[in-house]
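Below is one structure; the comments refer to it alone.
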Amino acid sequence: MSDTKQILSPCFKSIVDQDRLSIVICDLEHTIIYMNPAAIKDYHKYGGAALIGKSLLNCHNADSNTKIHQIINWFAADSSHNIVYTSYNEKKLKDVYVIALRDEDGTLIGYYEKHEYRTPETMKTYDLW
């Protein structure tokens, strides 16, 4: 089992790092503990990688911070509460979600923000050449 955990950790990091969309991971104190390369690029004008270790709450206004606290309280209330749709950006055709992070026992350990675009894929299928 410990060999599996040693393999899974770099695998999970690679999954997040290879995602083309921004992923910002926070602990329960709202500290940004990880940003994938897409998020570092997308948030470059706000500091990019320098945001790691800083509070996510400093990146949002008071209304957004209230909503973030409400989401975390909702996640903590029940282990089946795991995803919240927070916004849609019509100009960018983008949906934004906040998703709970839980340990093996289902205990809330953090959360992340995930962006998904509604634009059709332009990559050719199975374009290996």
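No more than 12 heavy atoms of other residues, nucleotides or ligands lie within 6.0 Å of NZ in K67, so this atom counts as exposed by the packing criterion. Counting heavy-atom neighbours within 6.0 Å of Y85 OH, excluding the residue itself, gives a total above 12.
I72 CD1 to L28 CG: the interatomic distance, rounded to the nearest 0.5 Å, is 6.5 Å. Atoms CD1 and OG1, from I99 and T86 in turn, are 9.5 Å apart once rounded to the nearest 0.5 Å. Interatomic distance, NE2 of H81 versus CD1 of I83, reported as 13.5 Å (0.5 Å rounding). Remark: N65 CG to N58 CG distance equals 8.0 Å, nearest 0.5 Å. Here the CD1-CG distance, from I33 to L56, works out to 11.5 Å after rounding to the nearest 0.5 Å. To the nearest 0.5 Å, the span separating SG on C26 from CD1 on I32 amounts to 5.0 Å.
Closest approach of V16 and I23 over heavy atoms only: CG1-CD1, 4.0 Å. Taking both residues in full, the closest heavy atoms of V84 and F75 are given as CG2-CE2, 3.9 Å, listed atom of the first, atom of the second, then distance.
Side-chain atoms of T107 and D105 include no donor-acceptor pair closer than 3.5 Å. In the model, S64 has a side-chain atom that pairs as donor or acceptor with a side-chain atom of N61 under 3.5 Å.
By the criterion of side-chain heavy atoms lying less than 4.5 angstrom apart, applied directly or through intervening Ile, Leu, Val, Met, Phe, Trp or Tyr residues, M35 is not grouped with V96; the two fall into different hydrophobic clusters. A chain of hydrophobic side-chain contacts below 4.5 Å, direct or via other Ile, Leu, Val, Met, Phe, Trp or Tyr residues, connects I52 to I68. Taken together through direct or relayed side-chain contacts under 4.5 Å among Ile, Leu, Val, Met, Phe, Trp and Tyr, L21 and L93 form parts of separate hydrophobic clusters.
Cation-pi geometry between R102 and Y111 is not met at under 6.0 angstrom from the ring centre and within 45 degrees of the axis.
Of the possible donor and acceptor atoms, none in the side chain of D95 sits under 3.5 Å from a partner among the backbone N and O of Y117. Side chain of S55 to backbone of L57: a donor-acceptor contact under 3.5 angstrom is found.
For residues 8-28, the set of pairs meeting the salt bridge (Lys or Arg N to Asp or Glu O under 4.0 Å) definition, not counting sequence neighbours, comprises K13-D17, D19-K114, R20-E121.
Using a 4.5 Å heavy-atom threshold, the side chains of V98 and Y112 count as separate.
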Show me, pair by pair, the donor-acceptor contacts under 3.5 angstrom made by side chains of residues 38-46, not counting sequence neighbours?
unit_1, atom_1, unit_2, atom_2, d
D42, OD2, S22, OG, 2.4
Y43, OH, E113, OE1, 3.2
Y43, OH, H115, NE2, 3.2

